*Asks:* 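The structure follows.
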Amino acid sequence: MTDMRNFLKSYNTHAANANNEAVTIAWNYYTNITKENQAKMTESDLDMANFTKVWAAKANQFDWKRSDLNATEKRQFEKITQLGFSSVNDTAKIELKSNLEAELTGIYSTGKVCLTEFGKGCLELEPGLTDMMANSRNPNELLAAWKGWRDQTGKKMRTKYTEFVNVMNEMIKFSGFNDTGEYWRSWYEASTFESDVKKLYNELLPLYEQLHAYVRHKLKNKYGTALFPDTGHIPAHLLGNMWSQSWSNIYDLLTPYPNAISVDITQKMKDKGYNVTHMYRVAEEFFTSIGLDKMPTSFWNKSMLEKPANRDVVCHASAWDFYDGEDVRIKQCTSVTADQFLTVHHEMGHLIYFLAYAIQPVIFRRGGNPGFHEGMADIVSLSFQTPEHMHAIGLLDSIPNDKESDINFLMQMALEKIAFLPFGYLIDQWRWSVFRRETTPNNYNANWWDLRCGYQGISPPVQRTEQDFDPGAKYHIPGNTPYIRYFVSFVVQFQWHKALCDEIGYKGQLHRCDIYKNKTAGAKLRNMLALGSSKQWQDAMQVMTGGRNMSALPIIQYFTPLIDWLKEQNKEENIGWSAQCPSNIPSPDQTNNQARLSVSTETVCLIIVTLT
Ligand SMILES: CC(=O)N[C@@H](CC(=O)O)C(=O)NC[C@H](CC1(C(=O)N[C@@H](Cc2ccc(O)cc2)C(=O)O)CCCC1)C(=O)O
Ligand SMILES: [Zn+2]
């Protein structure tokens, strides 16, 4: 018994050092993309795989399953002996997986689109193309950015991604999983997980259909019906986001009551002279106000909070735990916008989770499940964005309490949280089907668009073929980050928000609850965070909500006032869209003609006006 406990102590010390080394080497690549740093990361992946194998073998020398260790000690042994991709003895496969992942991430992170015909020069994703998708109201420009990004990223990844899937599937078989998707789903410790999320998606579809119908109607008014297929789909490039996953950037086209109050955070931040550091200070103050940790000094010295001028980095924001209980960092190419301010709170939410579970043995320093980590990262945003909070931090002059302003606010939240749900659900539907070999390289893109048209009700603005590889245009595919965690997060964050608001005795409508400065809320949250992955997530859910399962009821309760309003607005609308993508999607040259045509009609009108 004591030798098993000594083993756990020894593992913990060695694992902390091994993790710290591996994370540091990965950090060096992500903040300075060079061949040399990539090679060091591959070397480190080999070392980490070896470390995992050696210590799993040591652990299995003990008859730990039948010992009278307590449940938590056995859970440590169980996790230490879970080999994942490390079980394979073939170092060539480990190297190949590591290099493919680095190369795919590199292609994504260095992608540029030259939009000379719109006088924009060559733009990177952040901030250039992101800002353009958010702010341009010219369909031709939007189409050029949308198509250009897919040509410059996904299209170049297809062969590498096929190799990547094959090597991962070969490696994971040695750990007893049929395919990579099965291994990824095993982190949710529930054999019904796949059907659970399907059920949640179906419960939430009615909310999404109402929002979709309203937005489609408004966009038809703005851009004319000619752009819209008669199948009910919304062309993907018109929604203010490169992947149509969040629609808050086109709120100005969708405002329910333009004469009532809307919260425009970006403008207010600029008016108040916000800079990047101040954004992080404001976010930190939210967490300390509810009794959670402040950022360690090393955070301010070691993070990368702005895009460096002189080197290639992976701009996609991320939060890093160096497993020493203190060194936690954010890597973000931060700019002063509302979207970015949300991401600051999100990444810092991850760091708060890292710091809260630092009390756990290293093997338990993970979220209860990956969706819990994302839920914690996002939950503050449900308080932070309320008019009450915006007013409390000086980004809103007065707290509106009329019905119209309330609908305006709920619309803004729905464009971020409801719009995301089918997207959050479908990414891994596609990936799981690829890992299961139901989707193969000759129908990668067709199946991707079946899901995009089927679940999201959006359609490609220009014809897609199997020369394209549109999944690769979304970071998490080349970056190999599983995605169902975000769908889980968007459900559980509302369960937790409701639980915290109930705990503090809040009696108002859920969407106006702000836990800012409430130490009781923070303490309840910390109780769950501090568990890390030492308990099954269902136990952690019990700590937070009193129930053990995910539930769509809180998010439905939160948005009910808006959904009722939308049903009223949509009385004349055909709700929904056909399951298949539209058949008459213009080919690229057709759209070019359309572009030329629309430019020339504009010019002709201009000439007539000047002549008369
Ligand atoms: C070392 C490492 O990789 N660490 C992990 C964290 C961990 O595992 O500990 C990590 O930092 N992952 C990066 C990822 C970044 C972001 C993201 O990719 N978001 C999704 C989905 C989404 C969209 C809207 C939203 O409100 C919330 C989420 C997207 O943008 O599509 C960028 C914007 C926000 C979060 C993240 O922080 O989750
Ligand atoms: Zn996150």
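These numbers were taken from a predicted model, which means no experiment stands behind them. Atoms within a ligand are numbered from 1 in the order they appear, just like the ligands themselves.
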*Asks:* Looking at ligand 1, does Y353 have a heavy atom less than 4.0 Å from it?
*Replies:*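 Y353: no contact with ligand 1 (<4.0 Å).
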*Asks:* Write out the residue and atom name of the closest protein heavy atom to atom 13 (C) of ligand 1, then the distance separating them to 0.1 Å.
*Replies:*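 The answer is A317 O, 3.2 Å.
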*Asks:* Relative to F559, does K417 satisfy both conditions: NZ or CZ under 6.0 angstrom from the six-membered ring centre, and within 45 degrees of the ring's axis?
*Replies:*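 The answer is no; the distance or angle limit is not met.
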*Asks:* Hey, would you say the Y30 and H316 ring centroids sit under 6.0 Å apart?
*Replies:*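 That pair fails the under 6.0 Å test.
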*Asks:* Examine K97 relative to F164 and say whether NZ or CZ is less than 6.0 Å from the centre of the six-membered ring and inside a 45° cone about the ring axis.
*Replies:*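 That pair does not qualify as a cation-pi contact.
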*Asks:* Check whether any heavy atom of A377 sits under 4.0 Å from an atom of ligand 1.
*Replies:*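 Judged by the 4.0 Å heavy-atom criterion, A377 does not count as contacting ligand 1.
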*Asks:* Is there a nitrogen or oxygen of H316 sitting under 3.5 Å from a nitrogen or oxygen of ligand 1?
*Replies:*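 Between H316 and ligand 1, an N or O pair is found under 3.5 Å apart.
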*Asks:* Run through N241, L238, L211 and flag the one making a side-chain contact (heavy atoms from CB on, under 4.5 Å) with W247.
*Replies:*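 Option passing the side-chain contact (heavy atoms from CB on, under 4.5 Å) with W247: L211.
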*Asks:* Quick one: nearest non-hydrogen protein atom to atom 22 (C) of ligand 1, plus distance?
*Replies:*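 Heavy-atom neighbour on the protein nearest atom 22 (C) of ligand 1: Y486 CD2, 4.0 Å.
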*Asks:* Does F354 reach ligand 1, in the sense of a heavy atom lying below 4.0 Å from it?
*Replies:*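 Judged by the 4.0 Å heavy-atom criterion, F354 does count as contacting ligand 1.
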*Asks:* Quick one: does ligand 1 sit under 4.0 Å from the side chain of W243, the backbone, both or neither, non-hydrogen atoms only?
*Replies:*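 For W243, there is no contact with ligand 1 at all, from either part.
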*Asks:* For residues Y353 and F372, establish whether the separation of their ring centroids is below 6.0 Å.
*Replies:*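 Aromatic pair excluded; centres sit 6.0 Å or further apart.
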*Asks:* Between Y475 and ligand 1, which part of the residue brings a heavy atom under 4.0 Å of the ligand: side chain, backbone, both or neither?
*Replies:*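 Y475 to ligand 1: no contact under 4.0 Å from either part.
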*Asks:* Does an N or O anywhere in Q245 fall below 3.5 Å from an N or O of ligand 1?
*Replies:*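 There is such a contact, yes.
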*Asks:* Checking a contact table here: which protein heavy atom is nearest atom 26 (O) of ligand 1, and how many Å away?
*Replies:*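 Here the nearest protein heavy atom works out to D378 OD2, 3.3 Å.
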*Asks:* Applying side chain to side chain donor-acceptor pair (under 3.5 Å), can you list everything that pairs with T180, at least two apart in sequence or on another chain?
*Replies:*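 With neighbours one apart ignored, the set is N169.
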*Asks:* May I ask which of S381, S318, A319, G375 has a heavy atom nearer to atom 4 (N) of ligand 1 than the others do?
*Replies:*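 Result: the heavy atom closest to atom 4 (N) of ligand 1 is in A319.
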*Asks:* Assess whether a salt bridge exists between D327 and K302, defined as any Lys/Arg side-chain N lying under 4.0 Å from an Asp/Glu carboxylate O.
*Replies:*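 Judged by the 4.0 Å cut-off on N to carboxylate O distance, D327 and K302 do form a salt bridge.
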*Asks:* Do the two ring centres, one from Y483 and one from W184, sit under 6.0 Å apart?
*Replies:*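 Not under 6.0 Å, so no.
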*Asks:* So, does S246 sit close enough to ligand 1 that a heavy atom of it is under 4.0 Å from the ligand?
*Replies:*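 It does not; every heavy atom stays at 4.0 Å or beyond.
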*Asks:* Within 45 degrees of the ring normal and closer than 6.0 Å to the centroid, is that where the cationic atom of R150 sits relative to W146?
*Replies:*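 Cation-pi check for R150 and W146: passes.
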*Asks:* Between the side chains of Y516 and E285, is a donor N or O closer than 3.5 angstrom to an acceptor N or O?
*Replies:*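 The answer is yes; a qualifying pair exists.
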*Asks:* Does only the side chain of T481 get under 4.0 Å from ligand 1, or the backbone, or both, or neither? Count heavy atoms.
*Replies:*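 For T481, there is no contact with ligand 1 at all, from either part.
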*Asks:* Who's the nearest protein heavy-atom neighbour of atom 8 (O) of ligand 1, and how far?
*Replies:*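 Looking at atom 8 (O) of ligand 1, the protein heavy atom closest to it is R485 NH1, 4.1 Å.
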*Asks:* Is the distance between the ring centroids of Y357 and F364 under 6.0 Å?
*Replies:*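 That pair fails the under 6.0 Å test.
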*Asks:* If I apply the N/O under 3.5 Å rule, does E416 come out as touching ligand 1?
*Replies:*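 It does not: no N or O of E416 is found under 3.5 Å from an N or O of ligand 1.
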*Asks:* For ligand 1, is there an N or O atom under 3.5 Å from any N or O atom of Y483?
*Replies:*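 Yes: some nitrogen or oxygen of Y483 is under 3.5 Å from one in ligand 1.
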*Asks:* Run through the protein N/O/S atoms less than 2.8 Å from the Zn ion (ligand 2) and write them out by chain and number.
*Replies:*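 H346 NE2, H350 NE2, E374 OE1, with waters left out.
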*Asks:* Quick check: does H346 get an N/O under 3.5 Å from an N/O on ligand 1?
*Replies:*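 Indeed, backbone or side chain, H346 has an N or O that close.
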*Asks:* Ring centroids only, cut at 6.0 angstrom: are F341 and F384 within range, meaning strictly under it?
*Replies:*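 Close enough - the centres of the two rings lie under 6.0 Å apart.
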*Asks:* Can you confirm whether the side chains of T105 and Y29 place a donor and an acceptor under 3.5 Å from each other?
*Replies:*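 No, Y29 and T105 have no side-chain donor paired with an acceptor closer than 3.5 Å.
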*Asks:* Does the gap between the ring centers of F423 and Y486 come in under 6.0 Å?
*Replies:*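 No, they do not, as the ring centres are separated by 6.0 Å or more.
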